[in-house]
Amino acid sequence: MKRYDNIILEQDNDLAVITINRPNKLNALNRETIQELHDAFEKADADPSIKVIIITGSGEKAFVAGADISEFANFSVKEGKKLAAKGQELLFDFIENLSTPVIAAINGFALGGGLELAMACHFRVASDNAKMGLPEVSLGVIPGYGGTQRLPSLVGKGRAMEMIMTAGMIDANQALAYGLVNHVTSQDELSSLCEKIASKISRNSSVAISAAIRAINANFEDGINGFEVEIHEFGTCFGTKDFVEGTTAFLEKRKADFPGK
Ligand code: COA
């Protein structure tokens, strides 16, 4: 696997694990890290042997404590707009629309761009020490990597308004109650729980899963009729080898062995 300076990309059979590795900066996202993450996600997504991607932070303290504040502290209006647009294109929208499922394993602080990164993933699992928030207004700015859009769609408008306006943090159990994370476990068991979920996913048709991601995402896109996207994606599945294998295996009372095509 390719070597990076700020992240680690590892493969274990059909699972890829991406670890953001700047623990002494609490894994804050600087420009280089965002570029490396883009590259790693692109590579993992293009590799047909990889069925699920887990993203996490190194160390026991943080998933990601935000965008790297030291990098944008003296940016102009124009540079600020570019920072948000480029980040969304390279990483946040990129992950949300990836064909391969991405699970965020939130192992500590997920603040600002860190929570936005977790929210761009297809779903989230947290350790019980995790703390989540969008503290941008305490810095005189607003979330710029999709936080004002994805947080309300995950937790509801009123809760998102309160979280963003107070710049406060919620703990893992509150995030669970809000539906921001799907599961909470101990830090020791976080990777094994994510791997267990990943192995359930990877038994299924990767082609159908990619179609499901596109159809579900269509529900959140303006001007797109998600039901029509679902009909299209559903129909397209009938032309895949995975569909032939899945239905044949069921009728033959055996487990499907999907070719992923
Ligand atoms: N950008 C750049 N550096 C960051 C960072 C960020 N978002 N978050 C943490 N760091 C750095 C700190 O500057 C410090 O570096 P240093 O040792 O070179 O001074 C190091 O990471 C450790 O952080 P520290 O603040 O000492 O840890 P702490 O345990 O006292 O506090 C936090 C933890 C998460 C509460 C605190 O780091 C924090 O508030 N971070 C910023 C969160 C934020 O506003 N994110 C949104 C950005 S848009």
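Predicted, not measured: the structure shown is a model, and the values here were computed from it. Counting starts at 1 for both ligands and their atoms, following the listed order. Each residue takes its place number in the sequence, starting with 1.
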**Student:** Specify whether the nearest protein heavy atom to atom 45 (N) of ligand 1 is under 4.0 angstrom away.
**Tutor:** yes

**Student:** Answer yes if a protein heavy atom lies under 4.0 Å from atom 39 (O) of ligand 1, otherwise answer no.
**Tutor:** no

**Student:** Hey, could you give me each pair passing side chain to side chain donor-acceptor pair (under 3.5 Å) that has a residue in residues 117-130? Not counting sequence neighbours.
**Tutor:**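 Residue pairs with at least one partner in residues 117-130: S127-N129.
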
**Student:** Return a yes/no value for I69: is any of its N or O atoms, backbone included, closer than 3.5 angstrom to an N or O of ligand 1?
**Tutor:** yes

**Student:** Applying side chain to side chain donor-acceptor pair (under 3.5 Å), which residue pairs with at least one partner in residues 65-75 are found, sequence neighbours left out?
**Tutor:** R22-D68, D68-S70

**Student:** When you measure from atom 20 (C) of ligand 1 to every protein heavy atom, which one gives the shortest distance, and what is it?
**Tutor:** N24 O, 3.2 Å

**Student:** Among all protein heavy atoms, pick the one closest to atom 34 (C) of ligand 1 and tell me residue, atom and distance.
**Tutor:**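 Sorting protein heavy atoms by distance from atom 34 (C) of ligand 1 puts L111 CD1, 3.6 Å first.
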
**Student:** Is a side-chain N or O of N107 found less than 3.5 angstrom from the main chain of G57, in a donor-acceptor match?
**Tutor:** yes

**Student:** Numbering the atoms of ligand 1 from 1, which are under 4.0 Å from a heavy atom of P135?
**Tutor:** 43 (C), 44 (O), 45 (N), 46 (C)

**Student:** Identify the protein heavy atom lying closest to atom 2 (C) of ligand 1, giving its residue, its atom name and the separation to 0.1 Å.
**Tutor:**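 Checked against all protein heavy atoms, atom 2 (C) of ligand 1 sits closest to D68 OD1, 3.3 Å.
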
**Student:** Looking at F250, I want to see if its CZ is surrounded by more than 12 non-hydrogen atoms of other residues, nucleotides or ligands under 6.0 Å.
**Tutor:**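 Not more than 12 within 6.0 Å, no.
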
**Student:** Can you find a protein heavy atom closer to atom 8 (N) of ligand 1 than 4.0 Å?
**Tutor:** yes

**Student:** For the 3.5 Å polar cut-off, considering only N or O atoms, please tell me whether A67 and ligand 1 meet it.
**Tutor:** yes

**Student:** Given the protein's heavy atoms, is any one of them under 4.0 Å from atom 31 (O) of ligand 1?
**Tutor:**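 Not a single protein heavy atom is under 4.0 Å away.
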
**Student:** Just distances here: any N/O of E136 and N/O of ligand 1 closer than 3.5 Å?
**Tutor:** no

**Student:** Looking only at atom types and distance, does a side-chain atom of N27 sit under 3.5 Å from a main-chain N or O of A62, one as donor and one as acceptor?
**Tutor:** yes

**Student:** Name the closest protein heavy atom to atom 27 (O) of ligand 1, giving the residue it belongs to and the distance to 0.1 Å.
**Tutor:** K61 NZ, 3.6 Å

**Student:** Taking D12 for its side chain and L15 for its backbone only, find out whether a donor-acceptor pair lies under 3.5 Å.
**Tutor:**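 No; zero donor-acceptor contacts below 3.5 Å.
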
**Student:** What's the shortest distance from atom 24 (P) of ligand 1 to any protein heavy atom, and which residue and atom give it?
**Tutor:** L26 CD1, 4.5 Å

**Student:** Should E245 and T240 count as side-chain neighbours, where that means a heavy-atom distance under 4.5 Å?
**Tutor:** no

**Student:** Quick check: does any side chain N or O of E136 sit under 3.5 Å from a backbone N or O of V141, one acting as donor and the other as acceptor?
**Tutor:** no

**Student:** Please list the nearest protein heavy atom to atom 5 (C) of ligand 1 with its residue and the distance rounded to 0.1 Å.
**Tutor:** A28 CB, 4.0 Å

**Student:** Give the residue, atom name and distance (to 0.1 Å) of the protein heavy atom nearest atom 13 (O) of ligand 1.
**Tutor:** K25 NZ, 4.7 Å

**Student:** Quick one: sort the F238 and F243 rings into parallel, tilted or perpendicular, breaks at 30° and 60°.
**Tutor:** tilted

**Student:** On a heavy-atom basis, which atom in F220 and which in I216 lie closest, and how many Å separate them?
**Tutor:** CD1-O, 3.4 Å

**Student:** Decide whether an N or O pair under 3.5 Å exists between A65 and ligand 1.
**Tutor:**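 Min N/O separation from ligand 1 is below 3.5 Å for A65.
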
**Student:** Do the side chain of S49 and the main chain of D14 share a donor and acceptor less than 3.5 angstrom apart?
**Tutor:** no

**Student:** Quick check on atom 16 (P) of ligand 1 - does any protein heavy atom sit closer than 4.0 Å to it?
**Tutor:**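 It does; a protein heavy atom is within 4.0 Å.
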
